[in-house]
Amino acid sequence: MRCPSTAPLSLSQQPSYFYIEGSFFIDTRNNNNVTTNTSDASDLSEGIRKYLKHINVRAPPHPVPGPSARPLGPFTTDYSVASMQDRVFEDLWVRLGVGAAGLFCHQGGCEHLFVFVDVRTHDPAIDPPLIAQYPYKIADPGANLRRKRDCEACGLRFARKVTYDDKSAPHTPYFWCEECYAAMHYDDNGSALYTDFRVFPYEADYNPMILHEKSTAGGPAAAVLRKD
């Protein structure tokens, strides 16, 4: 993986985890990922899960993480925890599309949002044949970054949030800078004026085409959607 704000990444850098569909997958290979203020020293998600429980936010229904060979289920709405290095892709419970965005967190707080846009079986006509060739990088999203959108409210700053079904916006989706978003959605005390809409962080648009070795098309989409 590559982070635009740091040097090329290793997933073992401190600390890191994936969040996918109600489950936290913690990287416990590096001792730097071990905390000393939790009951489970390798569980970096404990504080997050406690907070979510405190505000009564349940996880999306998902199977408890386990080997893919076992029968599907049981399902739970409690947030689950598993070791990252003990799972492979076929063990994951995923949904496709921007409504099911996941999160990769590394270096103690640098967050990367991601979404699964397609799942398919191996195609020998276009896919590398050897296991050693995976994970297989099909394109460089950074090389296909499009322009950043301007705030549609003021037109003076880059957009940092995108809203859907927002009654303050003339259309959906609508792109806001931080200042305009705050002015239209919070009162002087910092309380939300209403919450019956969806809002996600926004960075930039990406080329939606997926590149294979035999193609000359652009790179893959890189969705960055998460509820605020």
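Heavy atoms only: backbone and side chains are in, while hydrogens, waters and symmetry mates are out. Model, not experiment: these values are computed from the prediction.
For the residue pair Y194/S168, the side-chain donor-acceptor check at 3.5 Å is satisfied.
Residues passing the salt bridge (Lys or Arg N to Asp or Glu O under 4.0 Å) test with K50 are E46, sequence neighbours excluded. Judged as a side-chain hydrogen bond (donor to acceptor under 3.5 Å, both in side chains), and not counting sequence neighbours, the contacts of R58 are T77, D78. In this view, H171 and E152 satisfy the side-chain hydrogen bond (donor to acceptor under 3.5 Å, both in side chains) rule, not counting sequence neighbours. Evaluation of the salt bridge (Lys or Arg N to Asp or Glu O under 4.0 Å) rule for D86 yields no partner, not counting sequence neighbours. Partners of E21 according to the salt bridge (Lys or Arg N to Asp or Glu O under 4.0 Å) rule, which considers only residues two or more places apart in sequence or in another chain, are R95. In this view, E178 satisfies the salt bridge (Lys or Arg N to Asp or Glu O under 4.0 Å) rule with no residue, not counting sequence neighbours.
No side-chain donor-acceptor contact under 3.5 Å links N189 to the backbone of S191. Without hydrogens or angle criteria, H122 side chain to P128 main chain gives a donor-acceptor distance under 3.5 Å. For the pair H54 (side chain) and L52 (backbone), a donor-acceptor distance under 3.5 Å is absent. When atom types are taken as modelled, the side chain of D127 and the backbone of D123 share a donor-acceptor pair closer than 3.5 angstrom.
Counting heavy atoms from C-beta outward, P129 and P124 have side chains that stay 4.5 Å or more apart. A 4.5 Å side-chain heavy-atom check between F25 and I20 finds at least one atom pair inside the cut-off. A 4.5 Å side-chain heavy-atom check between Y164 and V199 finds every atom pair outside the cut-off. For the pair L193 and Y186, the minimum side-chain heavy-atom distance is 4.5 Å or more. Side chains of D27 and M84 form a contact here, defined as non-hydrogen atoms less than 4.5 Å apart. The shortest side-chain heavy-atom distance between S80 and F24 does not fall under the 4.5 Å cut-off. In this structure, the side chains of R198 and T163 stay at 4.5 Å or more apart for every pair of heavy atoms.
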| field | Intermediate values then yes/no, side-chain contact (heavy atoms from CB on, under 4.5 Å), I26 and S45 | value | CA-CA 8 Å; I26 312 297; S45 70; 4.2 Å; yes
Kindly determine whether F116 and F89 satisfy ring pair (Phe, Tyr, Trp, His ring centres under 6.0 Å), including the steps that lead there.
CA-CA 12 Å; F116 294 99; F89 186 82; 5.7 Å; yes
Requested in this report: Would you please test E179 and C151 for side-chain contact (heavy atoms from CB on, under 4.5 Å) and show each step?
Outcome: CA-CA 10 Å; E179 291 83 354; C151 172; over 6 Å; no
key: Full working for side-chain contact (heavy atoms from CB on, under 4.5 Å) between H185 and F197   = CA-CA 11 Å; H185 296 86; F197 66 102; 3.5 Å; yes
> Between H62 and T76, is a side-chain contact (heavy atoms from CB on, under 4.5 Å) present by the stated rule, with each step listed?
Replying inline: CA-CA 6 Å; H62 64 281; T76 181; 3.7 Å; yes
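The cationic atom of K161 (NZ for Lys, CZ for Arg) does not lie both less than 6.0 Å from the six-membered ring centre of Y202 and within 45° of the ring axis.
Across all their heavy atoms, F75 and P61 have their closest contact at CD2-C, 4.1 Å. Residue R120 comes nearest to D118 through the heavy atom pair CD-OD2, 4.1 Å, listed as atom of the first residue, atom of the second, then distance. C177 and C154 get closest at one heavy-atom pair: SG-SG, 4.0 Å.
Linking ILVMFWY residues whenever their side-chain heavy atoms come closer than 4.5 Å, directly or via other members, places V57 and Y51 in the same cluster. One hydrophobic cluster, built from ILVMFWY side chains closer than 4.5 Å, cannot hold both V162 and F158; they sit in different ones. Both L113 and I48 belong to a common hydrophobic cluster when Ile, Leu, Val, Met, Phe, Trp and Tyr are linked at side-chain heavy-atom distances under 4.5 angstrom.
By the 6.0 Å contact criterion, CD1 on I131 is open, its count of non-hydrogen atoms from other residues, nucleotides or ligands being 12 or less.
Across R160, R157, M184, R149, a single residue satisfies side-chain contact (heavy atoms from CB on, under 4.5 Å) together with W176, and that is M184.
Between Y19 and Y79, the two ring planes are tilted [angle within 30° to 60°].
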